[in-house]
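All remarks here apply to the structure that follows.
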Amino acid sequence: MPELPEVEVICQGLRPHLVGRVVIDVQASGKPLRHLAPLAAMQEMLGGKRVKTVSRRAKYLLIAFDDETLLIIHLGMTGNVGLFSQTAPVKVHDHVRWQLENGYELRLHDSRRFGGVWLLSAEQAEARESGFFAATGLEPFSLGCTPAHLMSLAAKRNQPVKTFLMDGKAVAGIGNIYANEALFAAGIHPARPASTLRKRDWQQLLFLIRSILSQAICCGGSTISDFINASGESGYFQMNFQVYNRKGGPCSRCGAAIEKIVITGRATYFCPRCQKESKAHPVHI
DNA sequence: CAAGTTACCTGACGGC
DNA sequence: TGCCGTCAGGTAACTT
């Protein structure tokens, strides 16, 4: 489910309701996740602690406490977090519940259990960029993320540009939907080797990545099947998909049928006329 | 060592 | 109706 815009929407939705609240207990379903901080450790390290900040890094949600202990939540493919009354019925795939002093609790719901929960000490949290996030690429909106930076990273790669964009070690937060959409907007064929893009291509592509991610955040994210924000509401950016999940449909720019291929095991959608192998023709959006 | 493949899980959907 | 194969927004451990 969640790429950068969806996690950002959840983060913004939770922040006003979570900052200042105190965790009093933690419950878990007992089912394994891709990673799950031990329940006893969460109860001991978070019990009585007050939430100080709620933020995002890549596709991870970061909840920092007043003593700088850091709770990290990743939503995998199907994960979702939201605030519920402690008296609301617990659903089948509610795997972790962080109970608050005000009668509410934060619930992690994740049917496929590809998500994860980590707990970092204040020291580990302080050094997270050289520790937990050491292998994570730059945020696409950060000042350091420049066309030159991306081009130098891509210079060593023969892989398709779409695979490069989706590699969280190169640039953070771009998943299958937004990689497809950004490459359509830039008029770049998704299978084109990342090393063949020129400075001008990277300038346009980065501008369009930022533009599309921003639009998606403003729309409340994309709802494919089960994404809802922290208030239980759907996003609307899927209304704006130009290529993703539109095989056979008309290209909004030229009318040609959108094609679907597989690149590095992932469904890839593109316009065969607007996204030629060799040249980049940015689509006016 | 870069890059492709498989594994981790459940649920939705289409074909028969 | 139901059974079976396929596919899904992510990541990391494998293999080649």
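The structure presented is a predicted model; accordingly, all values stated were derived computationally and were not measured. Chain naming here is simple, since letters A, B, ... match the order of the sequence lines and numbering starts at 1 in each.
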Measure the distance from [atom1] on [X] to [atom2] on [N] and round it to the nearest whole Å.
X: A:L33; N: C:dG10; atom1: CG; atom2: C1'; value: 14 Å
X: A:F164; N: B:dA2; atom1: CZ; atom2: P; value: 13 Å
X: A:K162; N: B:dA3; atom1: NZ; atom2: P; value: 16 Å
X: A:K156; N: B:dA3; atom1: NZ; atom2: P; value: 11 Å
X: A:H93; N: B:dC9; atom1: NE2; atom2: C1'; value: 9 Å
X: A:I73; N: C:dG10; atom1: CD1; atom2: P; value: 18 Å
X: A:E3; N: C:dT11; atom1: CD; atom2: P; value: 9 Å
X: A:N176; N: C:dA8; atom1: CG; atom2: C1'; value: 10 Å

Looking at [N], I'd like to know if its phosphate oxygens (OP1 or OP2) sit under 4.0 Å from a side-chain N or O belonging to [X].
X: A:Y178; N: C:dG9; answer: no
X: A:H74; N: C:dG10; answer: no
X: A:T264; N: B:dG4; answer: yes
X: A:R266; N: C:dA8; answer: no
X: A:K59; N: C:dT11; answer: yes

Run the salt-bridge test on [X] and [Y] with the 4.0 Å N-O cut-off and return the result as yes or no.
X: A:E6; Y: A:K59; value: no
X: A:R157; Y: A:D167; value: yes
X: A:D201; Y: A:R192; value: yes

Given pairs defined as Watson-Crick or G-U wobble with both distances under 3.5 Å, what dot-bracket annotation applies to DNA chain C, with ( ) intrastrand, [ ] crossing, | other strand and . unpaired? .|||||||.|||||||
Between A:F164 and A:W202, is the ring centroid distance below 6.0 Å? yes
So, A:T136 and A:K169: side-chain donor and acceptor under 3.5 Å apart, yes or no? no
Cation-pi check, A:R21 onto A:Y104 ring (under 6.0 Å, within 45° of axis): no
A:F114 stacking on B:dC8: centroids under 5.5 Å, ring planes under 30°? yes
Classify the side chain of A:R34 and the base of C:dA12 as holding, or not holding, a donor-acceptor pair under 3.5 Å. no
Could you tell me whether the side chain of A:R113 has a donor or acceptor atom within less than 3.5 Å of a complementary atom in the base of B:dC9? no
Touch check for [X], heavy atoms < 4.0 angstrom, all strands: base, sugar-phosphate only, or nothing?
X: A:K260; value: sugar-phosphate
X: A:G265; value: nothing
X: A:D110; value: nothing

In terms of ring plane angle, is the pair A:F237 and A:Y178 parallel, tilted or perpendicular, where the classes change at 30° and 60°? tilted
side-chain contact (heavy atoms from CB on, under 4.5 Å) between A:V117 and A:L33, worked out: CA-CA 8 Å; A:V117 175; A:L33 301 177; 4.1 Å; yes
Spacing of the C1' atoms in B:dG11 and C:dA12 (rounded, Å): 23 Å
Would you measure the distance from the P atom in B:dC9 across to the matching atom in C:dC3 and give it in whole Å? 24 Å
If you find the nucleotide of DNA chain C closest to A:G168 and the one closest to A:R112, which residue's nucleotide is nearer the 5' end? A:R112
